Amino acid sequence: RNLTAVPIPSSTPGRGALRLTWQPPADDGGSPVTVYYIEICQAEPTGQCKPGHDYQSYNPGFSNLTSFDITVNNNTYYNIRMNARNSVGLGPYSNVVTVRPSYISLRTVTNQVQLSIAPTTNQNFSSSSHHVKVDSNLPGGLDLKLSTATANNHLSTTGGQTIAPTAGSFNNPQAIADNSWGYRINGGAFGFNTVTETNTNGSNFTWASVPPTATPDVIFTSNSLVSDQTIPVFYGVKVSSTQAPGNYSATVIYEAVGR
């Protein structure tokens, strides 16, 4: 009775996980429960089993539990019910719960950072932005991580030149130095109201180094449900007036991980 099902993070690609909890029967007829059975079917979001998908036994039965984790296909709704057996016989079914397993959807306009600048004495900085959209049904929230795609976290320029990362960090962003690049978000130590700047004399904002792939920064954290939320991520480069004009690029990785 009082069956519930809550999505939890799954470490198996393409598979979702659910944590089932319940209470023993209010009346066991004077005989303790010996076995609990779980039955599931693929379901419509409205709560009916899909045509051709009747309830099937999920487990061979277990006892002395009031919580159990199950693994099912991701992005699929399920109906779940259970009942109990004792020496008297098989009891009635519990309430039915309709639930979708845990999922995280991560979408971004691009993961290629492209910064274009034509440096002069008074025009030595440009920035651009990505809009990263995350969607999940995990009630415990998620972390969004950022890193470069390689161990070398430099910007590449035409002609094989590179631009080193700035000295700032996520917790201590700093004014960007000549011939360096970095990222920033809105919030935390960065502040708010970030806008893109094109061929300006320096930047009005502080910046952090984009870390290499082995040590990503957690740039967004939520301890609750994240539903179709967009996180702007800005990238900037500052070069000396002797640097050749052109496009500066790097590939970055966004990773969303359930909490």
Side-chain angles (χ1 to χ4, degrees), residues 1-25 33 35-85 90-109 111 130-147 213 216 218-231 233 253-259:
R1 65 190 176 100
N2 296 331
L3 174 66
T4 63
V6 177
I8 57 175
S10 171
S11 59
T12 305
R15 300 282 279 173
L18 300 169
R19 177 158 294 161
L20 309 183
T21 58
W22 62 90
Q23 294 176 317
V33 171
V35 180
Y36 287 105
Y37 298 102
I38 296 171
E39 293 184 355
I40 68 174
C41 72
Q42 290 191 23
E44 306 288 355
T46 50
Q48 298 83 23
C49 288
K50 288 183 175 180
H53 292 270
D54 295 330
Y55 280 101
Q56 302 290 327
S57 176
Y58 182 86
N59 66 308
F62 50 80
S63 60
N64 301 321
L65 294 176
T66 56
S67 178
F68 188 72
D69 294 348
I70 67 174
T71 303
V72 288
N73 290 332
N74 211 347
N75 294 326
T76 301
Y77 283 91
Y78 289 90
N79 278 352
I80 305 172
R81 67 185 184 184
M82 67 185 308
N83 58 0
R85 180 185 291 278
L90 193 62
Y93 284 110
S94 69
N95 58 298
V96 175
V97 293
T98 303
V99 65
R100 188 183 186 187
S102 59
Y103 73 91
I104 296 176
S105 173
L106 178 61
R107 302 184 302 280
T108 181
V109 175
N111 66 348
H130 289 170
H131 288 80
V132 185
K133 184 173 286 186
V134 289
D135 185 34
S136 172
N137 68 344
L138 292 174
L142 55 81
D143 291 335
L144 178 63
K145 299 181 180 182
L146 167 67
S147 67
T213 185
V218 176
I219 62 172
F220 171 83
T221 294
S222 174
N223 294 316
S224 57
L225 188 70
V226 176
S227 179
D228 212 24
Q229 184 166 345
T230 299
I231 297 98
V233 184
I253 297 173
Y254 301 103
E255 180 185 12
V257 180
R259 296 176 66 83

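Computed from heavy atoms alone, side chains included, the values below leave out hydrogens, waters and symmetry copies. Note that the coordinates shown come from a computational prediction; the quantities given were computed from them, not determined experimentally.
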Rounded to the nearest 0.5 Å, how far does [atom2] of [Y] lie from [atom1] of [X]?
X: E255; Y: L146; atom1: CD; atom2: CG; result: 11.0 Å
X: L3; Y: I80; atom1: CG; atom2: CD1; result: 7.0 Å
X: R81; Y: T98; atom1: CZ; atom2: OG1; result: 12.0 Å
X: S94; Y: Q23; atom1: OG; atom2: CD; result: 11.5 Å
X: D228; Y: D135; atom1: CG; atom2: CG; result: 5.0 Å
X: T221; Y: L144; atom1: OG1; atom2: CG; result: 8.5 Å

According to the salt bridge (Lys or Arg N to Asp or Glu O under 4.0 Å) rule, which pairs have a member within residues 91-106, sequence neighbours left out?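 Of all non-adjacent pairs touching residues 91-106, none passes salt bridge (Lys or Arg N to Asp or Glu O under 4.0 Å).
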Pairs meeting criterion salt bridge (Lys or Arg N to Asp or Glu O under 4.0 Å) with involvement of residues 63-76, two or more places apart: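 For residues 63-76: R19-D69.
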Student check: side-chain heavy atoms of [X] and [Y] closer than 4.5 Å:
X: L65; Y: W22; result: yes
X: Y77; Y: Q42; result: no
X: I253; Y: P216; result: no

Can you name the nearest heavy-atom pair linking [X] to [Y], along with the distance?
X: L142; Y: S136; value: CD2-CB, 3.8 Å
X: P101; Y: V72; value: CG-CG2, 3.3 Å
X: L20; Y: I70; value: CD1-CG2, 4.1 Å

Which residues satisfy the ring pair (Phe, Tyr, Trp, His ring centres under 6.0 Å) test with F68, sequence neighbours excluded?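 F62.
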Tell me, please, which residues at least two apart from R259 pass salt bridge (Lys or Arg N to Asp or Glu O under 4.0 Å).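 With sequence neighbours excluded, R259 shows a salt bridge (Lys or Arg N to Asp or Glu O under 4.0 Å) to D143, given in chain and number order.
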Would a distance-only check, ignoring hydrogens and angles, find a side-chain to backbone donor-acceptor pair under 3.5 Å from R85 to V33?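 No; judged by distance alone, with no hydrogens or angles, the pair does not exist.
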Return each pair, listed once, that meets side chain to side chain donor-acceptor pair (under 3.5 Å) where at least one residue sits in residues 47-59; pairs must be two or more places apart or across chains.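 Listed once each, the pairs are T46-Q48.
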Test side chain to side chain contact (heavy atoms under 4.5 Å, CB included) on T4 and N2 and set out the steps. CA-CA 6 Å; T4 63; N2 296 331; 5.8 Å; no
Partner residues of N83 under the side chain to side chain contact (heavy atoms under 4.5 Å, CB included) criterion, sequence neighbours left out: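 By the side chain to side chain contact (heavy atoms under 4.5 Å, CB included) rule, N83 matches Y37, L90, Y93.
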